[in-house]
Amino acid sequence: MAHDGSWRPPRSCEDYWWEWKHCRGLRHAFHHYYAHGELPTCGRWREDYEACRAWEKGRAAAAQEALCKSERARVMENQKYAPVWTLRKNPPPDWYLPLDQDKPN
């Protein structure tokens, strides 16, 4: 990130606000609990919004560092989950054959 005054936040401040509002919603909380077994933690979105507003108001270096650190952590968190299925390189050798749906087990 450039420190010559041309730096901009990775997202607009409204994006952080919208993500925080979305995260606090009942539908998102239910889905997150169903998928991950725990309620979502939404505090980071609020902190990022406040840091973004602080950067817009006074170009605070601490706010810029907080936003960069938070975005790096978010990217690393998304990369730590492995795919559920193993991706295959080629289709199965018998992909063109009809399915055995009519045959009893």
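Computed from a prediction, not measured in an experiment: that's the story for all the values here.
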Fill in the blank from the handout: Residues passing the side chain to side chain contact (heavy atoms under 4.5 Å, CB included) test with A63, sequence neighbours excluded, are A51, A54, W55, A60

Practice task
Sequence neighbours left out, what passes side chain to side chain contact (heavy atoms under 4.5 Å, CB included) with R24? Give chain and number order.
Solution key: W20, K21, C42

Practice task
Enumerate the residue pairs fulfilling salt bridge (Lys or Arg N to Asp or Glu O under 4.0 Å) with a member in residues 27-41, sequence neighbours excluded, ordered by first and then second residue.
Solution key: none

Problem - All pairs passing salt bridge (Lys or Arg N to Asp or Glu O under 4.0 Å) where residues 49-58 contributes a residue, at least two apart - result: E14-R53, R46-E50, R53-E56

Practice task
Check whether any side-chain heavy atom of P9 sits under 4.5 Å from a side-chain heavy atom of W7, and report yes or no.
Solution key: yes

Practice task
Could you tell me whether the side chain of Y49 reaches within less than 4.5 Å of the side chain of D15, counting heavy atoms only?
Solution key: no

Exercise for the section: List the steps, then state whether side-chain contact (heavy atoms from CB on, under 4.5 Å) holds for D48 with E19. Expected result: CA-CA 10 Å; D48 289 348; E19 289 286 353; over 6 Å; no

Exercise for the section: Identify the two heavy atoms, one from W45 and one from C23, that lie closest to each other, and give their separation to 0.1 Å. Expected result: CD1-CB, 4.2 Å

Practice task
Please name all residues satisfying ring-ring contact (aromatic ring centres under 6.0 Å, His included) with H31, sequence neighbours left out, ordered by chain then number.
Solution key: none

Handout entry: Derivation and outcome, side-chain contact (heavy atoms from CB on, under 4.5 Å), residues S70 and R44
Key = CA-CA 8 Å; S70 178; R44 187 166 31 159; 3.4 Å; yes

Problem - Set of side chain to side chain contact (heavy atoms under 4.5 Å, CB included) partners for N90, sequence neighbours left out - result: none

Exercise for the section: Give me the other members of the hydrophobic cluster that Y34 sits in, counting Ile, Leu, Val, Met, Phe, Trp and Tyr linked by side-chain heavy atoms under 4.5 Å, directly or via other members. Expected result: none

Fill in the blank from the handout: The remaining residues in the hydrophobic cluster of L39, counting side-chain heavy-atom contacts under 4.5 Å among Ile, Leu, Val, Met, Phe, Trp and Tyr, are Y33

Practice task
List in chain and number order the residues that pass salt bridge (charged side-chain N to carboxylate O under 4.0 Å, His left out) with R11, two or more places apart in sequence or in another chain; answer none if no residue qualifies.
Solution key: E71

Exercise for the section: Calculate, to the nearest 0.5 Å, the distance between atoms CD and SG belonging to E47 and C52 respectively. Expected result: 14.0 Å

Practice task
Would you indicate whether the side-chain heavy atoms of C13 and W18 approach each other to under 4.5 Å?
Solution key: no

Practice task
Can you label the angle between the H28 ring and the H32 ring as parallel, tilted or perpendicular, going by 30° and 60°?
Solution key: tilted

Handout entry: Partner residues of P91 under the side chain to side chain contact (heavy atoms under 4.5 Å, CB included) criterion, sequence neighbours left out
Key = W95

